[in-house]
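Input: a single structure, listed below in structure tokens.
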Amino acid sequence: MNYKTILITGGAGFVGSNLALKLKKQYPDVKIISLDNLMRRGSELNLSRLKNAGVEFIHGDIRNKEDLLNLKDKIELIIECSAEPSVLAGTEGSPEYVINTNLIGTYNCLELARKDRADVVFMSTSRIYPVDGIAKLNFIEEETRFSIAPEQSVPGAAPKGFSEEFPLGKNRSFYGMTKLCSEFLINEYAAAYGIKAVINRCSVITGPWQMGKIDQGVAVLWVARHIWANKHLSYIGYGGSGKQVRDFIHIDDIFDVIKTEMEDMEKHNGEIYNIGGGLENSLSLLEMTKICQEITGHKLEIGSIAQDRPNDVKSYITDFSKFEKSTGWKPKKNVKETLTDVHQWIMENKEQLESILN
Ligand SMILES: NC(=O)c1ccc[n+]([C@@H]2O[C@H](COP(=O)([O-])OP(=O)(O)OC[C@H]3O[C@@H](n4cnc5c(N)ncnc54)[C@H](O)[C@@H]3O)[C@@H](O)[C@H]2O)c1
């Protein structure tokens, strides 16, 4: 591994803090700097974990160019993990925060990359694929889930999931739009200034230290609600059936992806990969409820709200064959193990987490 100084933006968040800690453990001689404005509730709980591991924390905001350009260290790699990551951001009220953080913030990171000649690993999202395009696909309604039908009139959608070929369509949420525009910006910085970058379009990432809430981090929210069993959950949208599907990937598997890319940036430079748990690790909400019941031993009454939520899709499953063919990578943790890890983490830290997760 060639990098001596790595900046992780959003480095106190779920993905950023986990990557920082795992990188420090794997490469103790590398300087890891986590920068975060602590906007996400619960990110502050990670500060002592970062400190104890020898990760430097900077309380900074990627919306402010100076917070990045005035860093005292010369940065060799930026792992961009800061975001307003909710698909509902901007649907009520102004989209200002999501645009300034997710898009202007990427521009500021790229300016730092240009100044320091740093490489970039960008955490993009499956949400760059359009809501309107996904809504037009053929789905099969099965007993517990919507499945993607084999016959489709567009490329990149099949029962095993969505590949990078899926057409970009029109609307995708402010969140998805800012990530897609960031990808375009990265391409321009690569072409104009020779910045080396790799883009990961990730599906649902989960695992310990994700501060799940109603609009982001559904797996942790679902497990937590089953643990405390004192609050309501509802299946929202598509008639309130709970049949909408996502694939889930454990944070440890995301770490393996990033490590693989960092260790051979020459090979991955300029690539865009769909990364996720894939069909085998996909669940509908109904199916997730069943696993949560098994793990926690609690059964909740789950309500049903027929009306769709903005920017929801019936199904998103990752076809990660491009990355698999290139590297041999496959997710190692199955979705039940992932939810079990989440359960164990909450049980071990129940008191500390109650005010955030419950
Ligand atoms: N978790 C997922 O399921 C998932 C899926 C696909 C992509 N991603 C992407 O991965 C990255 C990490 O997501 P996460 O799940 O860790 O989210 P998170 O909310 O846990 O972490 C994001 C961190 O960014 C910080 N932040 C927000 N605005 C900031 C700003 N202006 N300046 C500095 N820091 C700021 C927050 O305080 C938070 O700690 C994001 O880019 C997200 O879009 C996440």
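Whatever order the structure lists ligands and atoms in, that order sets their numbers, starting from 1. Residue indices begin at 1 and follow the sequence shown. As the structure is a prediction and not an experimental result, all values here were calculated from the model.
- Contact annotation: for L38 versus ligand 1, heavy atoms closer than 4.0 Å belong to the backbone alone.
- By the 4.5 Å heavy-atom criterion applied to side chains, E271 and K322 are counted as neighbours.
- Protein heavy atom at the shortest distance from atom 7 (C) of ligand 1 is S124 O, 3.2 Å.
- Under a 4.0 Å N-O distance rule, the pair E164/R201 does not qualify as a salt bridge.
- Classification of E294 and K290 as a salt-bridged pair holds, one side-chain N sitting under 4.0 Å from a carboxylate O.
- Under the 4.0 angstrom criterion for non-hydrogen atoms, K179 is in contact with ligand 1.
- For ligand 1, the atoms closer than 4.0 angstrom to any heavy atom of M39 are 27 (C), 37 (O).
- Scanning the protein heavy atoms around atom 18 (P) of ligand 1, the nearest turns out to be R40 NH1, 3.7 Å.
- Between K243 and E141, some side-chain heavy-atom pair lies under the 4.5 Å cut-off.
- The side chain of Q216, and not its backbone, has at least one atom closer than 4.0 Å to an atom of ligand 1 (non-hydrogen atoms only; side chain from C-beta on).
- Protein heavy atom at the shortest distance from atom 32 (N) of ligand 1 is I62 N, 3.0 Å.
- Remark: minimum distance from atom 21 (O) of ligand 1 to any protein heavy atom is reached at G13 CA, 3.4 Å.
- Proximity of R201 to ligand 1 is not established, as no heavy-atom distance is less than 4.0 Å.
- For atom 29 (C) of ligand 1, the candidate residues are N18, L19, N37; the nearest heavy-atom contact is made by N37.
- Close contacts of ligand 1 with Q210, meaning ligand atoms under 4.0 Å from a residue heavy atom, involve 1 (N).
- At least one heavy atom of S203 sits closer than 4.0 Å to an atom of ligand 1.
- Among N108, N64, I275, V15, the residue whose heavy atom sits closest to atom 16 (O) of ligand 1 is V15.
- Between R309 and D215, no side-chain nitrogen of the basic residue sits less than 4.0 Å from a carboxylate oxygen of the acidic one, so the salt-bridge criterion is not met.
- Of the candidates I205, T101, I254, I205 brings a heavy atom nearest to atom 3 (O) of ligand 1.
- In this structure, atom 20 (O) of ligand 1 lies nearest to the protein heavy atom F14 N, 2.9 Å.
- Cation-pi contact between R246 and Y316: absent, since separation from the ring centre below 6.0 Å together with deviation from the ring axis within 45° is not met.
- Between R145 and S282, the side chains place a donor N or O and an acceptor N or O closer than 3.5 Å (distance only, hydrogens not considered).
- In summary, of the residues considered (N108, I78, D116), a side chain to side chain contact (heavy atoms under 4.5 Å, CB included) with L68 occurs for N108 alone.
- Relative orientation of the F323 and H268 rings is tilted, given thresholds of 30° and 60° on the angle between their planes.
- Y175 OH, 2.6 Å is the protein heavy atom nearest to atom 43 (O) of ligand 1.
- Checked for salt-bridge contact, E111 and K115 miss the test: no charged N lies under 4.0 Å from a carboxylate O.
- Only the side chain of Y97 comes within contact range of ligand 1, with a heavy atom under 4.0 Å; no backbone atom does.
- Distances from atom 12 (C) of ligand 1 to the heavy atoms of A83, C81, S43, A12 show the closest one on C81.
- Of all the atoms in ligand 1, the ones that sit under 4.0 Å from a non-hydrogen atom of V204 are 3 (O).
- Between K31 and D73 a salt bridge is recorded (basic side-chain N to carboxylate O distance below 4.0 Å).
- Residue D61 has at least one N or O atom closer than 3.5 Å to an N or O atom of ligand 1.
- In terms of polar-atom proximity, defined here as any N/O pair under 3.5 Å, G16 makes no such contact with ligand 1.
- The shell of residues lying under 4.0 angstrom from ligand 1, judged by heavy atoms, excludes R127.
- Looking only at protein heavy atoms, the nearest one to atom 17 (O) of ligand 1 is P85 CG, 3.8 Å.
- At least one heavy atom of R63 sits closer than 4.0 Å to an atom of ligand 1.
- Closest approach of S321 to K160, counting heavy atoms only: OG-NZ, 3.2 Å.
- Atoms of ligand 1 found under 4.0 Å from any heavy atom of G10, numbered from 1 in the order shown, are 23 (C), 24 (O).
- Nearest heavy atom pair, residue G10 against residue S82, reads N-CB, 3.3 Å.
- Look at G60 and you'll find a heavy atom under 4.0 Å from some atom of ligand 1.
- Taking the six-membered ring for Trp and thresholds of 30 and 60 degrees, H226 and W222 have ring planes inclined between 30 and 60 degrees apart.
- The residues E287 and K336 are annotated as not salt-bridged, no charged nitrogen and carboxylate oxygen being separated by less than 4.0 angstrom.
- For atom 38 (C) of ligand 1, the nearest non-hydrogen atom of the protein is D36 OD2, 3.5 Å.
- The backbone and the side chain of C202 each have at least one atom closer than 4.0 Å to an atom of ligand 1 (non-hydrogen atoms only).
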**OP:** Start with the C-alpha gap between E261 and K196, add the side-chain angles, then the distance that decides, and say whether salt bridge (Lys or Arg N to Asp or Glu O under 4.0 Å) holds.
**Re:** CA-CA 11 Å; E261 293 171 347; K196 289 186 196 143; over 6 Å; no
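- Classified by interplanar angle (parallel below 30°, tilted 30° to 60°, perpendicular above 60°), the ring pair Y129/F166 is perpendicular.
- For the pair S126 and ligand 1, no heavy-atom separation below 4.0 Å is found.
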